[in-house]
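This report concerns only the one structure given below.
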There are 2 protein chains.
Amino acid sequence: MAEKRLTEDVIFRTALRLVDADGVEALSMRKLAAELGVNPMSIYHHVDNKAALLDGITRMVTAEVKDITVSDGPWPDQLRRLAYEFRALTLTHRHLLRYILASDDFTQRDGPMWRTLRTVLRSAGIAEAELNQTAMVLVMLIGGLLHTEAEGAEHRDDSTFALAVELLIDGIAART
Amino acid sequence: MAEKRLTEDVIFRTALRLVDADGVEALSMRKLAAELGVNPMSIYHHVDNKAALLDGITRMVTAEVKDITVSDGPWPDQLRRLAYEFRALTLTHRHLLRYILASDDFTQRDGPMWRTLRTVLRSAGIAEAELNQTAMVLVMLIGGLLHTEAEGAEHRDDSTFALAVELLIDGIAART
DNA sequence: ACCTGAACACCGTTCAAGT
DNA sequence: ACCTGAACACCGTTCAAGT
């Protein structure tokens with residue numbers, strides 16, 4: 001299609017577009033090459049293999065989350081904000097959620113998202129010793145719910161998500 | 001390997017064993033046939049295709065959950081019981097969780113698991129109108145957490161799961 | 001340095017032919 | 001009725017050869 005010079009950037013962006021549209025399952029190196037108007041093997045000159053390709057587009061997406069900040073205000077509002085921000089991200093890249101949850105940014109606990117989350121939980125009154133584990137639990141619960149939501153299109157429902165967030169906020173409030 | 005007559009049952013059981021060991025990704029019709037000591041095409045005489053095969057082994061597993069009952073006692077104990085039972089199931093069939101969560105038994109709301117869950121939530125004091133949605137939220141949250149746990153081997157941790165369950169119980173208690 | 005065609009080892013699945 | 005070999009249309013990836 002585009003007859004420009006092949007770069008890692010255009011490869012990643014095209015791959016992300018294909019994945020967002022039809023899922024990781026439907027992405028093949030050969031289809032991606034066809035979409036780029038290029039020989040399938042040319043891609044290997046810029047990307048090691050398919051795993052590296054998926055890794056690259058996952059990194060592109062998680063980079064967007066890096067600068068999530070929460071405004072001042074009561075901690076439930078802040079937590080709600082984080083949850084809805086997370087959901088917005090997963091709705092535009094729903095087929096990639098599996099990889100996002102498994103990526104370093106989410107497993108490693110020293111990223112910017114974790115720092116903000118810990119700050120919010122601290123102001124909610126969670127004890128310093130339980131901070132990390134509570135943050136982990138919240139990410140796994142919300143991330144997991146979003147994954148189930150993303151997988152089966154039939155149970156994507158705003159009010160169900162809202163109830164989940166409020167239930168978690170109540171749970172946090174009860175533990176302090 | 002086994003030189004007996006080929007049946008749907010032995011196909012499903014062998015496939016489940018392979019999936020539990022190496023994951024759905026690693027299962028192929030041809031490998032399954034080799035494991036059965038049979039021509040790859042013989043399988044198609046008993047199973048429509050790979051999708052039907054996965055559907056079949058998922059049904060085998062969800063059938064085990066059908067007769068989950070909770071003994072009398074305080075609702076938090078009952079809810080804890082359900083959660084830990086669910087977790088035990090996913091630990092032995094962790095590669096199948098994606099399919100379990102997407103299966104009819106979990107999306108349809110009239111299965112035996114949903115009935116027990118609703119009973120427990122009713123005795124917790126949840127209003128009749130919110131019963132279905134609260135049950136859905138709990139299954140999605142816990143199922144999702146288990147999925148994240150199953151996917152990345154590194155964050156499988158008993159005390160993290162325990163904290164998640166207690167947090168949800170507190171959340172339910174606060175909403176009544 | 002970048003691209004490419006042919007080739008290899010895999011897939012799922014169909015179909016005509018065997019017993 | 002059950003099984004099978006050959007074949008088709010796909011994969012990811014390697015490698016030698018081209019510009």
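Each chain gets a letter, A, B and so on, in the order the sequences are listed, and its residues count up from 1.
Here the side chain of B:Asn49 is nearest to one of C:dT13, D:dT4, D:dC11, namely C:dT13. The listed nucleotides are D:dT13, C:dT13, C:dC3; the one nearest the side chain of B:Arg30 is C:dT13. Nearest to the side chain of B:Met41, among D:dT13, D:dC11, D:dA6, sits D:dA6.
Residue contacts shown for B:Ser28 are limited to sugar-phosphate atoms, with no base heavy atom under 4.0 Å away. Among the protein residues, B:Leu27 comes within range of the sugar-phosphate backbone only, with heavy atoms under 4.0 Å from sugar or phosphate atoms but none that close to a base.
Rounded to whole Å, the distance from CD on A:Glu8 to P on C:dA1 is 17 Å. What separates CD of A:Glu25 from P of C:dC11 is a distance of 16 Å, to the nearest Å. B:Tyr44 has its OH atom 13 Å from the P atom of C:dC15, to the nearest Å. Straight-line distance from the CE atom of B:Met29 to the C1' atom of C:dC10: 15 Å, rounded to whole Å. When rounded to the nearest whole Å, the span between CD1 of B:Ile43 and P of C:dT14 equals 14 Å. We find that CG of A:Asp48 is positioned 14 Å from C1' of D:dG12, with the value rounded to whole Å. When rounded to the nearest whole Å, the span between CD1 of B:Ile11 and C1' of D:dC3 equals 12 Å. With rounding to whole Å, B:Asn39 atom CG is found 13 Å from D:dA7 atom C1'.
With a cut-off of 3.5 Å on both Watson-Crick or G-U wobble distances, the partner of C:dC10 is given as none. Using Watson-Crick or G-U wobble geometry with both donor-acceptor distances under 3.5 Å, C:dT4 finds its partner in D:dA16.
For the pair B:His46 and D:dC3, the criterion of a side-chain N or O lying under 4.0 Å from OP1 or OP2 is met. Note on A:His45: every side-chain N or O is 4.0 Å or more away from OP1 and OP2 of C:dT4.
Transitive grouping of hydrophobic side chains (ILVMFWY, heavy atoms separated by less than 4.5 Å) keeps A:Tyr99 and A:Leu91 in distinct clusters.
Classified by interplanar angle (parallel below 30°, tilted 30° to 60°, perpendicular above 60°), the ring pair A:His147/B:His147 is parallel.
Interatomic distance, B:Leu27 CG to B:Lys50 NZ, rounded to the nearest 0.5 Å: 5.5 Å. Considering CG of A:Leu101 and CE of A:Met140, their distance stands at 9.0 Å, rounded to 0.5 Å. Rounding to the nearest 0.5 Å places CG of B:Asp170 at 11.5 Å from CG of A:Leu168. Distance check: B:Thr62 OG1 to B:His93 NE2 gives 10.0 Å after rounding to the nearest 0.5 Å.
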Atom pairs, N/O to N/O, protein against nucleotides 17-19 of chain D, distance under 3.5 Å?
none

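A donor-acceptor contact shorter than 3.5 Å links the side chain of A:His46 to the backbone of A:Leu6.
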